[in-house]
Amino acid sequence: MKKPVLWGAAFALLLAGVAPLAGKTVPEPKLGDVSPMMRLITSEQYVNTLQSIFGAGLEYRVQFAPIQRVDGLLAVGATSTVMTSGAFDQFDSAARSIAAQVVDARRRDFLLPCKPAKQNAADDTCAGAFLGGTGRLLFRRSLTSDELGAYVHIAHDSAEAAHDFYTGLSNALTSLLVAPEFLYATQPITKAGNELKLTSYAKATRASLLLWNAYPDEDLLAAAESGALNTSADLARQVDRMLNSPKLEQGVRNFFDDMLVFEDFDTLSKDGTFYPAFTTKVRVDAKEQTLRTIIDHVVSQNRDYRDLFTTRKTFLTLDLGSIYGVPVRTDTAWTPYEFPPDSPRAGILTHASFLALHSHPARSSATRRGKALRELFLCQKVPPPPPNVNFGALEDPKSPFHTTRERVNFHLQNPVCAGCHRIMDPIGLALENFDGAGQYRTTEQGAAIDASGTLDGASFKDVAGLSKALHDHPQLPRCLVRRMTSYALGRTLNKDDDGWLQYADGQFSTSGYRVKDLLRTIATSPSFYAASVKADQ
Amino acid sequence: MKNSLNLSDVTRAVCLPALVGGVLLLASGVAQAETIGLVLTTWHNSGTFTDDAKECAHGINPDARENFRAQFKTKEEQDEAMRKYASAGYVLRGPNGESVNYSPWLVKDTLPWSDADAKVSKGLNLSGTLDGHATANTCTHKTFVSPEGEQGIDNQMYRSMGCIRGMRPGGTLDTFYLGEIASKTINRWVVEITGVDDAANDDHVEVTLAQGQDKLVQDSTGKFVPGLTQRMTTNKDYIAHTTGRIVDHVLITDAFPVVRMPTEQLDEPAEWEFKDFRLKVKLTDTGATGVLGGYQDIQKFYRLFAKVVGQHHVSMGASPPSAYESLLRNADGFKDPATGQCTALSSAYDVDFVRAFIVREPDEKNHIAAAPQPSVKGAPNTRLALKN
């Protein structure tokens, strides 16, 4: 039975995009646009980075101006964000607060590498030691002697003026924390022969932002400094170290938080008359439940990404128990929970997060849910409604429509609406057994709910069928590949990327749809670190 | 009990091959008994409370400070008492400076005291008589009529406490205790009703009353959210059991011989204790409303009163010697055969509950009281999420 095995291996290689050709392999395709760009640090990256430098004991109260979502991702918007004076104020305020905490009498002895000769005077040697070490981690490279001299000068002058070494050091640290070199992850390039590529430091930053959603740690910077990121073997070693680090959770968490548009939870509200159980705590917990489920599934358990849409395993709090209608022991704030086999709850589509986020304040929405499913998980674009739509018949309190199905069927009578609603509503209707807060129901205003529908040719009779159809949809893993690649690059994808994306599709499939392997594919790809310069740059 | 097994029966049936017949009975389609869980959310003294306190013959009762001034009539006497007892003279006004909170019998207040007197009170017929005549175990007392017209309601606690400012609706204790029920798990009461074949009418159910261990949650309008989980205490002192019945959705328990429950009121830790405790509440999809009560031993109740009310005598508006005397005067239950003096007062409290899942710790029975979701009229149906 050797032949099938060989054929199987060949098929796997084909899927992986590496075709056996007379004993040679086809090289990995290249990504399209690899021109360097700047990326503004996000609140999460800011906190993650500073926590790794100064520890979790400081208060990091940062909430920077929101970044505009571009092509489905905040990470793409972060590369085209301008710094306004108002936005800078928030960075300045955060910098002052953190600098003051670092030099605080309670912390200085273990956060600073030295003590000044005199506390009431400048000490350039001690200031230089601290600012050089910290600046290296903030700028993701060693400071030049001119840069270090300038920051030591700030510390010196401030200390002399205030007769206090620590006041001077605090002002210099504040200056570091508002420097463009820290606030923007730039991608400096270098020339190797005729080829342009990112510098080792820029490679380290790219990999670290993708995998940890933070700037590089000391080990990664040291590797960049020593040239240990320049060979594929060395790079792979560092990527594996990062994939096995606990910090991977914060990186994966940020990606899914971004992909699932979870910043909308900040403004989500429900009508307490209809959904009294959907409290503020439930709103917070619903988001966290899904993120915890994802992290456990794709990071801790390293399971098939597609099974996220059918798994009955999750985590609950006491408060979420009222939404799900199940008892939750609260020996700990979060407790693992597995819905029983006969439960309609399976997969993240049936989580309160998805169901409530894509509903109206006082009722469910098959249209919003269907649209979200197509856009978030299948990367399909649903156009916005035409501006002259008349919602009167739907919003009329005396409307004869009892169920959501009856209401959305009304859309189909209008050809202007029908085109889009045909691709959204049949999916969303399968989720109608869950109200606008994500609570299970079998009837709506006394009428039995029909949760049957279709998804791109696959028919189903209930949400379990929808989850299975989505699980088996060929576009589901392809969408994740595209979303994660776009997230990693910080740009919109285009047709020039197709070759590489198909290669990544194959790699993802071969791995059994393991997200960690997809991250490895991206983070070890030469294309991810390639560079080019456009004529206008 | 109707023709089916309750949950503990089911457990035994599964565990014991000898009861295979029971399993077959279930398999043949006989409905499995349900369990209903409740958690206490509100608590008020039962009785009639008019805005102008016409149920109080002398008006609202004078407080400790007023009685202090009546006891020490001149300014010199008052100043001397306050000087002598470091400004604690209001309380330390026994013959030798004893606290009247803890030795109320040492002083007789001179200002007039009102026992509350009204015809109507929610409550329970604890004595078994309609007119409150003395029996072998009870003393003569006046009974009330319930708002629904039920005769023979016993609530002597209302007579003693009903004219104390802080005990009336909106008074200090009434208000604070309400908040402390919501905020402190020590005040958590849970009720588990098992063997419910029909939530509307069932001639036999099992009822467990216990302390819960988890928080209550209120929605944006202040209403308590049903459907959360409460872990039952494992402390046997705070678990009591009895039987009961459901009549037209009203749960009526038989007597719990003794119910003890820890409590904290006005930040003072104490303990409730009731004998012949009963519960009568109307069950709804989301909770229950009704009354609970029993006989409260004078000494044990006064211990709670002294800690909670006596310590806050000014805001509560209570003078302990008068209150203690009233408790002795109004005692109507648990007659001491040697002296003929009754040692406990009948009591009644208006209470509300919301549905909850009651879970037991692993060493207890592992059954769970179900808590259906609320349904709102005109709103999308949100009921019954138990299949999850």
Quiz prompt | Heavy-atom neighbours of A/Lys287 NZ exceed 12 at 6.0 Å | solution = yes
Self-check item: Heavy-atom proximity to chain B below 4.5 Å, by part of A/Asp319
Solution: both
Quiz prompt | From B/Thr221, B/Val217, B/Asp219, residue fulfilling side chain to side chain contact (heavy atoms under 4.5 Å, CB included) relative to A/Pro276 | solution = B/Asp219
Practice problem: Look at atom CZ of A/Arg368 and say whether more than 12 heavy atoms of other residues, nucleotides or ligands are closer to it than 6.0 Å. | Solution: yes
Quiz item: Is it true that atom NZ of A/Lys313 has more than 12 heavy atoms of other residues, nucleotides or ligands lying nearer than 6.0 Å?
Solution: no
Quiz item: Shortest non-hydrogen contact from A/Ser322 to B/Pro226?
Solution: CB-O, 3.7 Å
Exercise. Evaluate whether atom CZ of A/Phe265 has more than 12 neighbouring non-hydrogen atoms of other residues, nucleotides or ligands under 6.0 angstrom away.
Key: yes
Quiz prompt | Segment of B/Gln213 engaging chain A (4.5 angstrom heavy-atom cut-off) | solution = neither
Quiz item: Roughly how far, to the nearest 0.5 Å, is the CG atom of A/Leu318 from the OG1 atom of B/Thr229?
Solution: 5.0 Å
Practice problem: Please name the pair of heavy atoms, one in A/Arg329 and one in B/Val359, separated by the smallest distance, quoted to 0.1 Å. | Solution: NH1-CG2, 3.9 Å
Exercise. May I ask you to check whether over 12 heavy atoms, not counting those of B/Lys223, lie within 6.0 Å of atom NZ?
Key: no
